[in-house]
There are 2 protein chains.
Amino acid sequence: MSADEVRFMEGFKIGEMSVDPGTTLLAEGQESPWIYTVLEGQAVQYKSLSTGRRQIINFVLPGDFLGLHAAMMGEMKHSIEARTRMVLCVFERARVQEVFHGQPARAQALAWIAAVESHLLGETLVSVGQRNAGQRIAWAFLRLWRRLEAMGLERDGMVPLPFRQQDLAEALGLSLVHTNKTLARFRQAGLCDWSGGKLRIGNLAALTGIALVDRDDPEQRPLM
Amino acid sequence: MSADEVRFMEGFKIGEMSVDPGTTLLAEGQESPWIYTVLEGQAVQYKSLSTGRRQIINFVLPGDFLGLHAAMMGEMKHSIEARTRMVLCVFERARVQEVFHGQPARAQALAWIAAVESHLLGETLVSVGQRNAGQRIAWAFLRLWRRLEAMGLERDGMVPLPFRQQDLAEALGLSLVHTNKTLARFRQAGLCDWSGGKLRIGNLAALTGIALVDRDDPEQRPLM
DNA sequence: CGTTAGATTGATGCTCATCAATATTAGTGG
DNA sequence: CCACTAATATTGATGAGCATCAATCTAACG
């Protein structure tokens with residue numbers, strides 16, 4: 001996935017950009033003239049409800065492409081908010097059209113990105129729809145761990161995970177309190193420890209066992 | 001969306017195909033040589049867990065494109081099972097590559113389809129993650145009603161909805177029993193009546209009020 | 001050193017899952 | 001055309017998981 005995104009951006013880049021934590025990169029309903037890929041930093045992608053609730057759709061990691069909906073549909077269908085300082089590659093949204101005329105590899109990469117996004121959302125839906133709190137958290141941690149490790153961000157058995165418990169709760173359709181208590185149980189059981197913005201997996205096998213309610217093989221998955 | 005799909009298929013079609021209810025059109029993990037668009041009939045799109053549970057990812061209606069994941073990623077990431085007799089347009093998966101070389105409109109249509117799919121999955125995730133049983137069902141009914149009505153399938157104030165309560169439950173992450181009881185409440189309240197494979201909306205305003213916990217305007221949405 | 005964002009912990013009760021029957025409908029073969 | 005079977009829908013009872021409310025605690029920061 002990352003390889004495709006890199007291929008997509010080459011020679012198409014407008015510039016680089018650096019933003020502070022808390023910055024809203026793209027806003028729901030907005031017709032941003034820019035789209036991005038993430039070089040450094042992490043963010044959350046969410047949808048808001050009028051009640052003030054939010055559903056976090058995805059955690060944004062280095063290598064991710066931002067603005068697919070803006071690129072294809074003109075406007076964003078969710079918002080993206082930085083959780084750390086971030087460095088981004090900036091592209092002009094309007095020029096996405098060109099890609100489909102005469103740049104087949106890039107066009108395909110874009111469609112690929114979209115297909116993978118829908119695949120991952122499907123997986124998330126399964127988790128939120130069918131699993132209990134512990135299973136959802138275990139699943140999310142493993143998914144994040146794998147991606148971050150694959151990006152080479154693992155150090156001393158830990159990966160950077162600079163989100164709030166509230167973010168995780170909103171990603172998994174849980175309350176903050178229940179998320180907190182489940183995290184405490186995991187920590188006590190030595191399964192994993194997420195604190196200070198770092199995630200450490202204490203017992204990979206056990207955590208996998210909890211998360212593995214589906215038919216996926218425990219091996220590395222190509223799309224993560 | 002439907003318009004794009006039609007554009008995608010023209011002059012690319014291999015043949016038509018008719019299947020009986022219960023047929024599995026595409027199976028999770030399978031590398032199908034075919035992809036489809038739906039001319040008639042309805043189906044469910046789901047992912048299975050090893051526990052026997054299933055998460056229904058989407059209800060498939062006429063006009064839908066089937067096999068995006070197979071087209072872009074080689075293998076299906078979910079299964080599709082017919083719930084009625086269906087008539088389908090059949091295409092050769094292998095030829096999807098050609099689309100990106102020299103058929104920009106079709107390539108764009110494909111990317112559009114993928115983007116819309118990810119958008120709709122995001123909406124579903126919000127529903128399952130943030131709303132209670134009644135809200136989820138109201139939301140699902142309105143979504144289905146709009147699409148079916150837009151397809152011209154409304155008749156006598158009813159649209160065909162040939163799914164089981166179990167299907168709806170699995171789509172919304174609810175138990176069959178609770179779904180059934182919520183449907184009974186809705187029926188008694190005169191909000192809507194789903195029985196005999198037909199959905200009738202009794203009180204559109206009230207149902208919308210229940211479902212409308214988000215910021216969407218109550219008007220027709222372009223992507224449905 | 002006060003202020004604020006985030007994390008933690010306890011108490012309470014509602015929503016919803018689960019178990020278990022029974023009712024209904026549709027489909028099938030004699 | 002009617003018993004027989006299987007699939008689906010319906011209803012009641014029970015309790016677990018989780019949301020919610022309300023404090024308190026910790027850490028970062030100007």
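Keep in mind that the numbers below use all heavy atoms, side chains included, and drop hydrogens, waters and symmetry copies. Chain identifiers are assigned alphabetically (A, B, ...) following the order of the sequence lines, protein sequences preceding nucleic acid strands; residue numbering begins at 1 within each chain.
Atom pair B:Glu81:CD and D:dA7:C1' shows a separation of 14 Å (rounding to whole Å applied). Atom CD1 in A:Ile137 sits about 13 Å away from atom C1' in D:dG17, given to the nearest Å.
Residue B:Asn180 is classed as a base contact, given a heavy-atom separation below 4.0 Å to a base.
In the 5' to 3' direction, nucleotides of DNA chain C lying under 4.0 Å from heavy atoms of chain B begin and end at C:dC16 to C:dC19.
Taking the side-chain contact (heavy atoms from CB on, under 4.5 Å) definition, one finds that B:Arg200 meets it with B:Met158, sequence neighbours left out. Taking the side-chain contact (heavy atoms from CB on, under 4.5 Å) definition, one finds that B:Arg93 meets it with B:Glu31, B:Ile35, B:Ala70, sequence neighbours left out. The salt bridge (Lys or Arg N to Asp or Glu O under 4.0 Å) check on B:Arg187 picks up B:Asp193, with sequence neighbours excluded. Under the side-chain contact (heavy atoms from CB on, under 4.5 Å) criterion, A:Asp156 pairs with no residue at all, not counting sequence neighbours. Remark: B:Asn58 pairs with no residue by the side-chain hydrogen bond (donor to acceptor under 3.5 Å, both in side chains) rule, at least two apart or across chains.
When only modelled atom types and interatomic distance are considered, B:Gln130 and A:Arg53 share a side-chain donor-acceptor pair under 3.5 Å. In this structure, a donor-acceptor pair under 3.5 Å is present between the side chains of A:Ser118 and B:His69.
Between A:Arg147 and A:Glu149 there is no salt bridge, since none of the side-chain N atoms of the basic residue sits less than 4.0 Å from a carboxylate O of the acidic one. The pair A:Lys47-B:Glu123 meets the salt-bridge criterion, since a charged nitrogen lies less than 4.0 angstrom from a carboxylate oxygen.
Comparing the start and finish of the helix from C:dC1-D:dG30 to C:dG30-D:dC1, five pairs each, the helix axis swings through 40°, to the nearest 10 degrees.
Within residues 182-203 of chain A, no residue has any heavy atom closer than 4.0 Å to DNA chain D. For DNA chain C, the residues of residues 165-176 of chain B within the heavy-atom distance limit of 4.0 Å (strictly under) are B:Gly173, B:Leu174, B:Ser175, sorted by number.
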When you compare the protein's N or O atoms with those of nucleotides 22-28 of chain D, which come within less than 3.5 Å of each other, and at what distance?
none

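In this structure, CG in B:Leu148 is found 10.5 Å from NZ in B:Lys198, a value given to the nearest 0.5 Å.
Side-chain contact between B:Gln166 and B:Leu168 is absent, with no heavy-atom pair separated by less than 4.5 Å.
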Candidate pair B:Leu172 and B:Thr179, rule side chain to side chain contact (heavy atoms under 4.5 Å, CB included), full reasoning: CA-CA 9 Å; B:Leu172 301 178; B:Thr179 302; over 6 Å; no
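Taking the nucleotide of DNA chain D with the nearest heavy atom to each of B:Phe163 and B:Lys181, the more 5' of the two is matched to B:Phe163.
The two residues A:Gln45 and A:Ile80 make their nearest non-hydrogen contact at CG-CG1, 3.6 Å.
For residues 177-199 of chain B, the set of pairs meeting the ring-ring contact (aromatic ring centres under 6.0 Å, His included) definition, not counting sequence neighbours, comprises B:Phe141-B:Trp194. The stretch residues 14-62 of chain A participates, sequence neighbours left out, in these ring-ring contact (aromatic ring centres under 6.0 Å, His included) pairs: A:Phe59-A:Phe163.
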